[in-house]
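Structure, as structure tokens:
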Amino acid sequence: MSVTEPPVSAAEALLADGTTVLVRPVGPGDREAVLELHEHGMSEESRRMRFLGTSRRAPRAVADRLCGPGRAEVLALGAWAADELVGEADCQTVDEAGGTAELAMAVADAWHHRGVGTLLVEHLVHAARKRGVHEFVADTLAGNRAVHKVFSDLGLPVHRHLDHGEVRVRVPLDEDDEGYLGAVDERGRTADLASLAALLRPRSVAVVGASRRAGSVGRTVLLKLRRGGFTGPVWAVNPHTGVIAGEPAYPGIAVLPGVPELAVLAVPPSAVPGAAEECGRAGTKALVVLASGLDAAQARQLVQSCRRHSMRLVGPNSLGIAQTDPDVRLDAEFGGAFPLPGTAGVAVQSGGVGIALLERLAWLGIGVSAFVSLGDKYDVSGNDLLQWWESDGRTDLALLHLESFGSPRAFARTARRVTRTLPVLTVDAGRSDAGRRGAASHTAAAATPTVTRETLFRRAGITATHSIAELVEAAALLHAQPLPDGRGRVAVVSNAGGIGILAADACAEAGLELPALPADTVAELRGLLPAGAGTANPVDTTAAVGPAALGACLDALARADTVDALLVCLVPTALVQEDADQPLHALLDGPGRRRLPVAAVLLDQEMPVRYRTCADGGRLPTYTDPAAAARALAHARDRARWLAEPPSAPAAPPAADTAGARHLVEAFLTAHPDGGWLDPGTTTDLLDRYRLPLATAVLARSEDEAAEAARRLRPLGHEGRLAAKAYWPGQVHKSAEGAVRLGIADEAGARECYREFHDRFGDRTAGVLFQPLAAPGLELLVGAVQDEVFGPLVLLGLGGTATDVLADRTTRFAPLTERDLETMPADLRAAPLVLGHPGAPGADPAGLRGVLAAVSALACDLPQAVEVDLNPLIARPDGVLCVDARVRIEPRPSFDPYLRRLRRPALAGEADGP
């Protein structure tokens, strides 16, 4: 653990029943609370279980041990509900090395079976690991079922030894990490669902701020609740109005006939904190805040009230929420229309986007299971709603519009699980920003917000679109048609050659393949279609095609083993009897037997996309634009590919000296508290600890040292030559500043180069770095950056002077998986150069994989390494060699994305917290 980083900080988290508690270290000021918990919060039987017997002195001894002097070896955490300490867990090292710690815990009797002990132990595991603890031990009575259940449910290996009624429990903390993290995730999901029930399935609702003024937000929400048929009580709260829309209004929450599980706050920003606190004191469990423009103080008071009283919060700046379940029928939003009941979950940050999306879905005939306008997203997020839709038994499609991510790693884990069972689509908003302006390295410059979002969506299997229109187009296909094979081979059929060519172009631009048709299929088509028809791909049936022939043509194409999807383009003609819709009738007759996804383009259709009902009751999406249909098929192809990917194990880490690397970083931050770029020697030392292949280098600080470096290094250089680089602290782009010379042939050349650099750059020159000239090869960039929200990312791309010009790069979240190591080189446009092609072998695959795995491990181990830039990495068939590297260190705490806690919301213009 870093000496600059505390082992644990305060965090709010959800218990199994959805209650919010604050988990924080127990300090000297908590002695009375600890004593109260053990003396009065626990029964005599509970104390007997806790202390393995009865002792009146035990509670005071515990309070003294946890809160008194001499606490260096004790790590104690408490769980507070409001101002009450409801549980504590502590550990104390029992061996000289500090690797084994004795664990103890206590939970107030009134808080048993709510997950307090398990939550505390999870946070204690996190803190103990950072202190270097590898094992917990505990002594407990055989009959202490509650404690044994905590150990059993952790997800870690548990070893027990029974001796005379006492059980010695041993819990290794470094084993079976996947099982532990999976158990933590499942407990978090259960707690989240419990906390959301009052929001999305409330039994009673209050509208605070309802008024008699026609068109007011509060009145609109009240009327929509009534007219929507909400199945529980609805109360209007307004201190100045006696009757609203024929219903009595109450002056406050406290005087209502019952406690509203959900309160919709339609009050001005200045009144929001007071209204929220009043709701919390009354026992309300969920809030929807419609007001916008809260200042920082109002925002903090709102969040504090919600956390203190265990209320989940949607908003502020929310349009409202709706739940179409017939057992609830909740419509608590002020949009222009009632959401159409259905099975699509919709969550948006922008109310305007929400209104537009609901309207387009209604036109299409896709109804919603639940609609949530997240607004400023102080609490409830897309991650929460994905977990709800995963479990509600109704939702089979999720549509998201998210402008920010508070916990992207948790979101990615949830989405990756949810997308296995239902499609998740999003509008990728905010792509136009230039990224991190003034980024200090190529890696940081490349890891823009757009890149990190794309990486997030790719890892999670989310279908990312660029507009609401594209989102609806893709949803229409995914919601009604089967998925194609992941190869995305499309057969285009049209009754007019021109539109068929446009559709073929659209497919190619979308990355779809139009394969040649098998000979037997071509022969069958010739026998089916009118004279003059084109039987290549695209297929031109001519305008004279009849419905029977068109249907048979589609059936023949569906049987072809080179076709994964059909794109059918029809234009209205007067050549097919008197019914111009007969070709469409043929298309709608039999999609079930074709078992392939089918999309149609109807140029005379008014709406951009709509459904046509098929003969078998299914639905066919029809588009006005071939490009829209092609994009939808491409999204379906990408989803099929993602689902077909087998789970991949984490990349095997290198045999790294992690402890030495952490010590080196701590020493640097001790000397440079604000951080900075490592000097060449320290950079080499750090990267050596991860076994990265670095070129030998010597830093010369005089002409004589330059000559000596040349004498030593020349035999190692390609054709006996050297490279030289002027160095000064804080240096970033050497080539751009003319600080690089190649091909130095002898000692005299080294002296001349040293003088030239010194004359050019003056006193800022701290020396000249000499290296053996590397043999020619493909120049790559491998790097890592610590994004403050998204965490560590690893980047691979073309390097050298081409890195910014060509911008050929790909990124993945760290830690990389074995599949990441395979797919990252293949993602590059320059993949044939990296992987090799006939007549030109590529880069050493094992060497490149090793570098990527090592950089991934470094980024995960050292969050303080905010930028790692290996550029260029010379890649050859016989190995890879890094000839230039830079590392920037900043004081930054580690962040465990699995630790259960409610995220810190962005308030009044702050960046969204992790």
Say whether, by atom type as modelled, one donor and one acceptor occur between the side chain of Ser391 and the main chain of Trp388 under 3.5 angstrom.
-> no
Salt bridge flag under 4.0 Å for residues Glu524 and Arg559 | yes
Decide yes or no on side chain to side chain contact (heavy atoms under 4.5 Å, CB included) for Leu514 and Val492, but give the supporting numbers first.
-> CA-CA 8 Å; Leu514 266 70; Val492 173; 3.9 Å; yes
Judged by atom type as modelled, is there a donor-acceptor pair below 3.5 Å linking the side chain of Thr395 to the main-chain atoms of Gly345?
-> no
Is it true that Asp331 and Arg227 make a salt bridge, defined as a side-chain N closer than 4.0 Å to a carboxylate O?
-> no
Heavy-atom closest pair, residues Ala549 and Leu529 | O-CD2, 4.4 Å
Which atom names give the shortest non-hydrogen contact between Cys553 and Val493, and what distance separates them?
-> SG-CG1, 4.4 Å
Could you tell me whether the side chain of Thr426 and the main chain of Leu400 form a donor-acceptor pair under 3.5 Å?
-> yes
Between Pro423 and Leu425 the two heavy atoms that sit nearest each other are CB-CD1, 4.0 Å
Answer yes or no: is there an ion pair linking Arg394 with Asp392, defined by an N-O contact shorter than 4.0 Å?
-> no
Side chain proximity check, Glu333 to Ser373, heavy atoms < 4.5 angstrom = no
Measure the spacing between OG of Ser467 and CZ of Arg631 and express it to the nearest 0.5 Å.
-> 6.5 Å
Looking at Pro339 and Thr324, what are the two nearest heavy atoms and their distance?
-> O-CG2, 4.3 Å
Without swapping roles, check the side chain of Thr220 against the backbone of Phe334 for a donor-acceptor pair under 3.5 Å.
-> no
Sidechain-backbone polar pair: Arg420 side chain, Leu643 backbone, donor-acceptor under 3.5 Å = yes
Least distance between heavy atoms, Ala398 atom then Trp389 atom | CB-CE3, 3.8 Å
Please assess Lys377 against Glu403 for the test side chain to side chain contact (heavy atoms under 4.5 Å, CB included), listing each intermediate value before the final yes or no.
-> CA-CA 10 Å; Lys377 204 157 59 78; Glu403 297 168 349; over 6 Å; no
One should read off an interatomic distance between Ile355 CD1 and Leu357 CG, to the nearest 0.5 angstrom, of 11.0 Å
Go through the side-chain N and O atoms of Thr811 and Thr455 and say whether any donor and acceptor fall under 3.5 Å apart.
-> yes
With the side chain counted from C-beta on, respond yes when Leu361 and Leu340 share a heavy-atom pair under 4.5 Å apart, and no when they do not.
-> no
Look at atom CZ of Arg203 and say whether more than 12 heavy atoms of other residues, nucleotides or ligands are closer to it than 6.0 Å.
-> no
So do Leu570 and Leu550 actually touch side chain to side chain, heavy atoms under 4.5 Å?
-> yes
Are the side chains of Trp363 and Val472 in touch, meaning some heavy atoms are under 4.5 Å apart?
-> no
Would you say Ser318's side chain and Gly320's backbone share a donor-acceptor pair under 3.5 angstrom?
-> yes
Verify, without hydrogens or angle tests, whether Asp555 (side chain) and Ala552 (backbone) share a donor-acceptor contact under 3.5 angstrom.
-> no
Using the side-chain hydrogen bond (donor to acceptor under 3.5 Å, both in side chains) rule, take Glu470 and His635 through it: C-alpha gap first, then chi angles, then the decisive distance, then the call.
-> CA-CA 10 Å; Glu470 186 182 347; His635 285 308; 2.7 Å; yes
Does Arg619 count as lying over the ring of Tyr611, i.e. NZ or CZ under 6.0 Å from the six-ring centre, within 45 degrees of the axis?
-> yes
Note: Arg312-Asp192 ion pair, threshold 4.0 Å (strictly below) = yes
Spell out, as yes or no, whether a donor-acceptor pair under 3.5 Å connects the side chain of Asp827 to the backbone of Met824.
-> no
Report the residue from Leu557, Val563, Val539 that forms a side chain to side chain contact (heavy atoms under 4.5 Å, CB included) with Thr521.
-> Leu557
Between Thr541 and Asn495: side-chain donor-acceptor atoms closer than 3.5 Å = no
Using only heavy-atom distances, determine whether the side chains of Gln605 and Thr622 contain a donor-acceptor pair under 3.5 Å.
-> yes
Looking at side-chain heavy atoms only, is the closest gap between Val598 and Leu620 below 4.5 Å?
-> yes
Could you go step by step and tell me if Val346 and Val372 meet the side chain to side chain contact (heavy atoms under 4.5 Å, CB included) rule?
-> CA-CA 6 Å; Val346 179; Val372 179; over 6 Å; no
Taken to the nearest 0.5 Å, the spacing of Arg641 CZ from Asp485 CG works out to 9.0 Å
Can Val205 and Phe230 be said to form a side chain to side chain contact (heavy atoms under 4.5 Å, CB included), step by step?
-> CA-CA 9 Å; Val205 180; Phe230 177 65; 3.6 Å; yes
Is there side-chain contact between Val424 and Thr463, with at least one heavy-atom pair below 4.5 Å?
-> no
Are side-chain N/O atoms of Thr419 and Arg639 paired as donor and acceptor at under 3.5 Å?
-> no
Looking only at atom types and distance, does a side-chain atom of Asn537 sit under 3.5 Å from a main-chain N or O of Pro515, one as donor and one as acceptor?
-> yes
Can you tell me how far the CG atom of Leu567 sits from the OH atom of Tyr623, to the nearest 0.5 Å?
-> 9.5 Å
Check: Val490 and Asp564 side chains under 4.5 Å, non-hydrogen atoms | no
Is it true that the NZ or CZ of Arg409 lies under 6.0 Å from the centre of Phe813's six-membered ring and within 45 degrees of the ring axis?
-> yes
Rounded distance [0.5 Å steps], CG in Leu402 versus CG in Asn383 = 10.0 Å
Side-chain donor/acceptor of Asp540 to backbone N/O of Gly534, under 3.5 Å = no
What is the minimum heavy-atom distance between Ala506 and Ala627, and which atoms define it?
-> CB-CA, 3.7 Å
Quick one: do Arg487 and Glu513 make a salt bridge, cutoff under 4.0 Å?
-> no
Does any non-hydrogen side-chain atom of Asp325 lie less than 4.5 Å from one of Leu200?
-> no
Any cation-pi pair here, Lys224 with Phe338, using under 6.0 Å and within 45°?
-> yes
If you measure from CD1 on Ile321 to CZ on Phe371, what distance do you get to the nearest 0.5 Å?
-> 10.0 Å
Answer with yes or no whether the side chains of Arg812 and Thr823 bring together a donor and an acceptor at under 3.5 Å.
-> yes
